[in-house]
Amino acid sequence: MSMFSKLTITATLVILIILAAGIYRFNLTSDDLYGEIEEEQVMFDDNVANEAMAEQPIKPQAGDVESATFVESESVANASEVMSKLFNLQTVNSFNVILPESAKPVELTHFIKINQIDFAIGDYQDGEVKGRVLLDYLRITPLNFDPALEPDTQSSAPIQDDPTVQIMPFVAPFIVTTQGSGAFWYLGFFNLDYEYKSLKHLNSVMLGDRIEIESIEPIYPFEAPYKLLVTYRDRAPNQPMSASPEIVKTLAVNVSETGIY
């Protein structure tokens with residue numbers, strides 16, 4: 001065999017090996033590909049987190065946050081993640097929910113998703129009772145008590161969007177749990193003070209145990225006496241609590257600038 005033939009065969013074998021390696025690489029499964037991306041993303045996130053902790057060592061961490069964002073519009077040490085995400089406020093003041101039965105404040109500290117519902121959540125211990133408060137923040141309903149609100153705005157939600165007004169009243173549903181099986185829904189009334197970057201929970205009304213809220217809407221025209229209509233699903237009196245709530249109910253709630261009742 002001539003030297004030229006040997007070189008040709010050798011070169012052909014090298015090319016075939018390169019092509020085989022390329023085909024193997026090209027045929028990586030999607031699981032392999034996404035696995036590599038996820039590993040790189042985890043490494044990247046760890047590096048970013050370490051750098052952030054080095055810069056702000058006392059910044060609180062959210063252990064089981066699923067969909068939280070942090071707006072770096074202003075650097076505030078130990079800022080509330082919940083106030084930042086929900087209201088774009090960089091402040092050490094927290095979002096506290098007052099337990100209806102004991103008046104104990106419970107700080108909402110992080111976010112979680114349960115059965116496709118997004119909650120801001122906080123743990124509490126009240127004496128020997130331990131539990132959680134979960135606020136359904138996507139159902140936060142701002143209220144406008146401005147007497148200048150025209151009757152022809154009935155199709156618009158009464159949202160306080162005037163930048164010169166520093167207080168925004170709103171209602172929001174939340175759950176209180178204990179060590180038992182109950183999950184008690186309440187509708188809370190809150191005042192958000194943009195000037196002082198603080199929030200106050202004024203009072204609450206109970207809606208039910210293990211219900212499913214459909215909607216919370218102002219009754220128009222939204223004028224004194226102000227009313228809200230809460231639509232939810234409940235069970236028949238003779239049904240066990242393990243049954244799925246199927247009965248649609250409505251509750252008219254009175255609200256004023258000082259609270260809900």
Side-chain angles (χ1 to χ4, degrees), residues 82-83 86-87 95-106 108 116-120 133-177 182-195 198-237 239 244-261:
V82 174
M83 294 289 282
L86 299 188
F87 309 112
F95 191 143
N96 288 335
V97 173
I98 306 300
L99 291 179
E101 300 300 325
S102 67
K104 179 183 180 65
V106 179
L108 303 181
Q116 304 304 312
I117 301 178
D118 295 295
F119 292 102
V133 172
L134 303 95
L135 184 130
D136 184 356
Y137 62 86
L138 293 182
R139 294 193 187 276
I140 288 178
T141 306
L143 304 174
N144 191 342
F145 295 105
D146 186 355
L149 184 66
E150 297 296 334
D152 59 2
T153 60
Q154 294 185 16
S155 61
S156 302
I159 297 176
Q160 182 59 274
D161 57 1
D162 185 349
T164 64
V165 177
Q166 299 298 316
I167 302 295
M168 185 188 80
F170 66 89
V171 295
F174 63 92
I175 303 173
V176 177
T177 70
F184 301 98
W185 280 89
Y186 294 85
L187 186 63
F189 182 88
F190 303 84
N191 269 344
L192 177 64
D193 190 325
Y194 277 101
E195 181 178 3
S198 63
L199 185 146
K200 185 177 182 180
H201 182 185
L202 299 182
N203 67 334
S204 308
V205 294
M206 186 174 179
L207 300 177
D209 181 11
R210 283 167 280 185
I211 61 174
E212 292 182 4
I213 295 181
E214 296 284 322
S215 64
I216 301 171
E217 299 176 345
I219 296 178
Y220 291 100
F222 193 67
E223 57 188 25
Y226 304 100
K227 291 182 180 294
L228 302 173
L229 186 66
V230 182
T231 304
Y232 62 97
R233 292 182 179 272
D234 202 351
R235 301 163 189 82
Q239 282 187 298
S244 178
E246 301 290 346
I247 301 175
V248 177
K249 297 182 179 180
T250 58
L251 176 66
V253 180
N254 296 300
V255 64
S256 70
E257 296 182 64
T258 59
I260 188 171
Y261 51 94

**Study point:** Euclidean distance, Leu99 CG relative to Ser204 OG, rounded to 0.5 Å
**Key:** 9.5 Å
Point to revise | Partner residues of Lys200 under the side-chain hydrogen bond (donor to acceptor under 3.5 Å, both in side chains) criterion, sequence neighbours left out | key: none
Exercise for review: Could you pull out all residues at least two apart from Glu217 that satisfy side-chain hydrogen bond (donor to acceptor under 3.5 Å, both in side chains)?
Suggested key: none
Review point. With sequence neighbours excluded, what pairs up with Glu101 under the salt bridge (Lys or Arg N to Asp or Glu O under 4.0 Å) test?
Key: none
Review point. Quick one: are Pro245 and Ile211 in side-chain contact, heavy atoms under 4.5 Å?
Key: no
Point to revise | Step-by-step ring pair (Phe, Tyr, Trp, His ring centres under 6.0 Å) determination, His201 to Phe174 | key: CA-CA 12 Å; His201 182 185; Phe174 63 92; 5.7 Å; yes
Point to revise | Spacing of Ile98 atom CD1 and Lys104 atom NZ [to the nearest 0.5 Å] | key: 10.0 Å
Check your understanding: Is there a side-chain contact (heavy atoms from CB on, under 4.5 Å) between Phe87 and Leu192 once you walk through the steps?
Key -> CA-CA 9 Å; Phe87 309 112; Leu192 177 64; 3.4 Å; yes
Review point. What is the distance from atom CH2 of Trp185 to atom CG of Asp209, rounded to the nearest 0.5 Å?
Key: 11.5 Å
Review point. Looking at residues at least two apart in the chain, or sitting in another chain, which of them share a side-chain hydrogen bond (donor to acceptor under 3.5 Å, both in side chains) with Arg139?
Key: Asp136
Exercise for review: Using the six-membered ring wherever Trp is involved, compare the ring planes of Phe145 and Tyr226 and label them parallel, tilted or perpendicular (cut-offs 30° and 60°).
Suggested key: perpendicular
Practice item. Taking the side chain as every heavy atom from C-beta outward, state whether Leu135 and Val82 have any atom pair closer than 4.5 Å. Key: no
Practice item. Measure the spacing between CD1 of Ile216 and CG of Leu187 and express it to the nearest 0.5 Å. Key: 5.0 Å
Review point. Do Phe119 and Ile175 have side-chain heavy atoms sitting under 4.5 Å apart?
Key: yes
Practice item. Report yes if some heavy atom in the side chain of Ile140 is under 4.5 Å from a heavy atom in the side chain of Phe190; otherwise report no. Key: no
Review point. Listed by chain and number, what are the side-chain hydrogen bond (donor to acceptor under 3.5 Å, both in side chains) partners of Glu246, not counting sequence neighbours?
Key: Ser244
Review point. Hey, what do you get for CD1 (Ile213) to CG (Leu251), rounding to the nearest 0.5 Å?
Key: 10.5 Å
Check your understanding: Can any side-chain N or O of Gln166 pair as donor or acceptor with the backbone N or O of Glu195 at less than 3.5 Å?
Key -> yes
Review point. Which distance, rounded to the nearest 0.5 Å, do you find between the CG of Leu199 and the CD1 of Ile167?
Key: 10.0 Å
Contacts table for residues 252-261: side-chain donor-acceptor under 3.5 angstrom, sequence neighbours left out:
residue, atom, partner, partner atom, Å
Asn254, OD1, Lys227, NZ, 2.5
Ser256, OG, Thr258, N, 3.3
Ser256, OG, Thr258, OG1, 3.0

Exercise for review: Could you tell me how the ring of Phe170 sits relative to the ring of Phe95: parallel (under 30°), tilted (30 to 60°) or perpendicular (over 60°)?
Suggested key: perpendicular
